[in-house]
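All chains are named by letter (A, B, ...) in the order of the sequence lines, taking the proteins before the strands, and each is independently numbered beginning at 1. Keep in mind it's a predicted model, so treat the numbers as computed, not measured.
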Amino acid sequence: MGPAITIAIKDLALRMRDRSVFIVGLIAPLALAFIFNLVFGGAFGADELSLDVGVVVEDEGAAGEGLLGALRDMDSSGTLALTEFTSLSEAEEQVEEGTVGAVIHVPAGFSDAVAVNADTAVEVIGNVDAPTTTDIAAAIAREFAAGVRRTNLAVTTALSTGAVPPGDVAATIGDAASAAPLLGVGDIETESRQLNTATYFVAGLSIFFLFFIAGLGVTSMLEERREGTLFRLMAAPIRRRSIVLGKSLTSVVIGLVSMIVLVIASGIIMGAEWGPPLGVAMMVTSAVLAVVGVMTLVGGFAKTPEQAGNLQSIVAVTFGMLGGTFVPVAEGEGLMSSLRFVTPNGWFMRGLGDIASGDAMAALPSMGILLAMAAVTGGLGLALVRKVVHA
Amino acid sequence: MEAILQARGLKKRFGDLEAVRGVDLTIAPGETYGLLGPNGAGKTTSISMIGGLLERDGGEVVVNGAQMTTTSLAPKADIGLVPQDIAIYPDLTARENLRFFGRLYGVRGLELDRRSDEVLEVIGLTDRADDRASDFSGGMKRRLNIGIGLFHKPMLLILDEPTVGVDPQSRNAILESVEHLSDEGMAVLYTTHYMEEAERLCDRVGIIDQGEVKAEGTRRELVQLVGQLDRIRVSIAGSADGAIAGIRSLGGVSDVVSADGTIEILATNASEVLAPTLAAITTAGAAVHSVTIDEPDLEAVFLHLTGKALRD
Ligand SMILES: Nc1ncnc2c1ncn2[C@@H]1O[C@H](COP(=O)(O)OP(=O)(O)OP(=O)(O)O)[C@@H](O)[C@H]1O
Ligand SMILES: [Mg+2]
């Protein structure tokens, strides 16, 4: 262990002098999270996600009644805050002003149109600054439409501000007879939503940037090979595994420090609420190990430090997108939301959500999966990387 | 006395290329041994196998009684290896570079401080001890490169062409410190393609070419291989390629080589062959600038053994 620590200390000293590690590990994620929070934060409210949804039911048939009833139920159960409007123009005005995030509009004659198989649509009008509320309103409308089950029934979403062109959000739906009860809408609120906005963005961005600094260990080994210092390390009376271990240790330490500083700083500066420190620390540690493992594996395929950097960036960005780093990924079914869970990012966010909501035990599976990822990718990665020190 | 280094039958091939084909080397404690050979002769490859950096295809290496492999630790601790290409951390200071590698070789605590000061003195970097190596001149980097190798007071210091690309002043400083270390009893394995360095520093010299040690011995022993031959060097302008065959066929000429406007001839008696040689050169259409006649030196030995000039 001695030589590995000596090597890690040397590498850490070098990384401190090379200021890029501060930028990638601390400044960039904090700054971006701060900006994201300013831009998107309004939709969520300061602390808790409040879904202000409006509804205009001009339809006098059973379908309209059904939707209204279901929305009222969700309002009384606290899932969302419902405002009922009598006219569409009034509703649109309120969306524009941001009093409600989105409005679901059931047009006059909807039930009749459905009955005779004529073209009709449930419409969702959302505020661009409230993408999540709009998404949820659209999901409710889609769910409702699915219940109505008509082949030619479409749900359209329009954004009131006009910056974004209106487009269909829901496709055609299977056929059936009448308005069925709304099922599953209550499930919309899932794990990630239990983090407040600031926390969500800092967490997502910090694990995203973690990918870049967690790759430094392997990359620096390839750099040392090119610069010739690796041969000096190999000529020294130390085991070759100490070299590899020292490099991995560097990645883990830099990753942990950067994450810990981010957790504390985002709490102070942006009011991020991560939850109980012990749980968060365990979650963060698991994530750092998993990401170091993944990056070691990826770097193990590279011949030069540049190649390693490029491969690692590709993986970092791909996992970042899949894992919902930049935008909260829509929950429920769909390829995207399942792909989330092939990434450490997805499990990290999920586990943090569980911890923040006070259910630390629920985070254990996420933690376990991260540690398993760390073991598998790290093991394979080390096997690959060892070749670098075998002349 | 037991040898500090014993290498027997070292072999290494890279694909189709037999880079080292059966090198034997023995170095006694305190001895300075020079491995003299041109570019690509196999010097670095041999040294890498001796230092346990490179897996060998054949042969064995014993350092201070212990078998050297790429994974062995004790024999590595007895060696200080200074690579041909400068291998230092540019973002660390001279002192930090020394201390880091010193630690890896097991130097600890106060000894680390004391030894840093000593080595900085030896390599003449005391004034620049706390400056980053990236700010150093080429010669200073070379000296730091050497300092790292001798930090832990190895029994055998291996220096791979340590003066390449260095100004005359730094070169002299490097040669002096090697002499100094040798006086203190450190055994040195010194590779070079500079004949003068080998002649000045080394107790014994091995002449290596194409992966083989062609001859080995003290300077005197090697020169005797050439016998009582005289060495004639003719510096010319123009091409005298047409004259070479004619000169070679002269009675008493043993070797002829022509490179960079110089023709070198080894002959039993310079005065007998000089006139016909100069005539052949002028007939071939080249002008003679100067002629020198020397006692044979290691360069002449090299020429005699390999049929080519040592310079690149
Ligand atoms: N890793 C390698 N892969 C392929 N060929 C190699 C490798 N290392 C050395 N060689 C070849 O082996 C031969 C001997 O090389 P080596 O570096 O040992 O020569 P050298 O005597 O140190 O030369 P120089 O004075 O230029 O340093 C050369 O032909 C070289 O091209
Ligand atoms: Mg060499």
Side-chain angles (χ1 to χ4, degrees), chain A residues 1-24 216-217 219-247 249-250 253-254 304-305 382-383 385-391, chain B residues 12 14 44-45 47-56 63 66 68-93 96-108 112 132-134 141 144-145 148-149 151-152 154 157-158 160:
Chain A
M1 203 60 187
I5 291 174
T6 305
I7 291 170
I9 289 173
K10 181 268 299 172
D11 277 351
L12 288 170
L14 283 177
R15 291 297 164 190
M16 306 266 265
R17 288 186 189 171
D18 158 17
R19 276 177 284 276
S20 66
V21 70
F22 292 108
I23 295 170
V24 177
L216 288 178
T219 317
S220 79
M221 202 148 105
L222 294 166
E223 270 164 14
E224 290 214 31
R225 179 165 72 178
R226 188 172 61 192
E227 300 304 319
T229 44
L230 185 66
F231 298 107
R232 273 213 130 116
L233 300 181
M234 285 159 63
I238 59 171
R239 293 182 198 292
R240 304 219 161 153
R241 92 172 78 95
S242 301
I243 303 175
V244 180
L245 198 65
K247 295 293 179 185
L249 200 60
T250 309
V253 170
I254 299 183
T304 64
L382 288 181
V385 165
R386 285 192 72 142
K387 287 192 191 136
V388 177
V389 287
H390 278 270
Chain B
K12 183 72 191 180
F14 297 109
T44 301
T45 308
I47 277 178
S48 304
M49 289 188 283
I50 290 170
L53 282 174
L54 191 63
E55 219 63 78
R56 47 185 188 264
V63 176
M68 172 69 90
T69 67
T70 52
T71 52
S72 46
L73 304 186
K76 284 188 181 175
D78 290 333
I79 292 183
L81 199 149
V82 177
Q84 177 171 5
D85 298 317
I86 295 174
I88 56 180
Y89 296 104
D91 290 332
L92 295 183
T93 66
E96 288 167 338
N97 267 290
L98 291 172
R99 291 175 63 98
F100 169 67
F101 285 107
R103 272 212 186 81
L104 290 189
Y105 279 87
V107 185
R108 291 280 181 278
L112 213 47
R132 287 195 194 177
S134 53
K141 287 180 186 159
L144 178 56
N145 196 40
I148 292 170
F151 192 91
H152 63 287
L157 179 65
I158 303 180
D160 195 1

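- Looking at B:Ile86, only its backbone comes within 4.5 Å of chain A, counting heavy atoms on both sides.
- With hydrogens and angles disregarded, a donor-acceptor distance shorter than 3.5 Å links the side chain of A:Arg232 to the backbone of B:Ala87.
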ask   = Yes or no on side chain to side chain contact (heavy atoms under 4.5 Å, CB included) for B:Thr70 and A:Met234, after CA distance, side-chain angles and deciding distance?
value = CA-CA 8 Å; B:Thr70 52; A:Met234 285 159 63; over 6 Å; no

request  = Before giving the answer on side chain to side chain contact (heavy atoms under 4.5 Å, CB included), spell out for B:Phe101 and A:Leu233 the whole-Å C-alpha distance, their side-chain angles and the decisive distance to 0.1 Å.
outcome  = CA-CA 8 Å; B:Phe101 285 107; A:Leu233 300 181; 4.0 Å; yes

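- Nearest heavy-atom pair, B:Leu53 versus A:Ala235, reported as atom, atom and distance to 0.1 Å: CD2-N, 3.5 Å.
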request  = Report the C-alpha separation of A:Lys10 and B:Arg103 in whole Å, then their side-chain angles, then the decisive distance to 0.1 Å, and conclude whether the side chain to side chain contact (heavy atoms under 4.5 Å, CB included) test is met.
outcome  = CA-CA 11 Å; A:Lys10 181 268 299 172; B:Arg103 272 212 186 81; over 6 Å; no

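- Using a 4.5 Å cut-off between heavy atoms, B:Arg99 makes no contact with chain A at all.
- Taking the side chain as every heavy atom from C-beta outward, A:Arg17 and B:Leu92 approach each other to under 4.5 Å.
- Separation of atoms CZ (A:Arg15) and CG (B:Asp91) is listed at 9.5 Å; rounding is to 0.5 Å.
- The contact between B:Asn145 and chain A is made by backbone and side chain atoms together, counting heavy-atom distances below 4.5 Å.
- A:Pro237 and B:Leu73 make their closest contact through CB-O, 3.4 Å (heavy atoms, listed as atom of the first residue, atom of the second, distance).
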query = Is there a side chain to side chain contact (heavy atoms under 4.5 Å, CB included) between B:Thr71 and A:Arg240 once you walk through the steps?
reply = CA-CA 8 Å; B:Thr71 52; A:Arg240 304 219 161 153; 5.5 Å; no

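- There is a side-chain donor-acceptor pair under 3.5 Å between A:Glu224 and B:Tyr89.
- Heavy atoms of B:Asp85 lying under 4.5 Å from chain A are absent altogether.
- Residue A:Ile9: no heavy atom, backbone or side chain, is found under 4.5 Å from chain B.
- No other option in B:Pro83, B:Ser48, B:Ala74 has as many heavy-atom pairs under 4.5 Å with chain A as B:Pro83.
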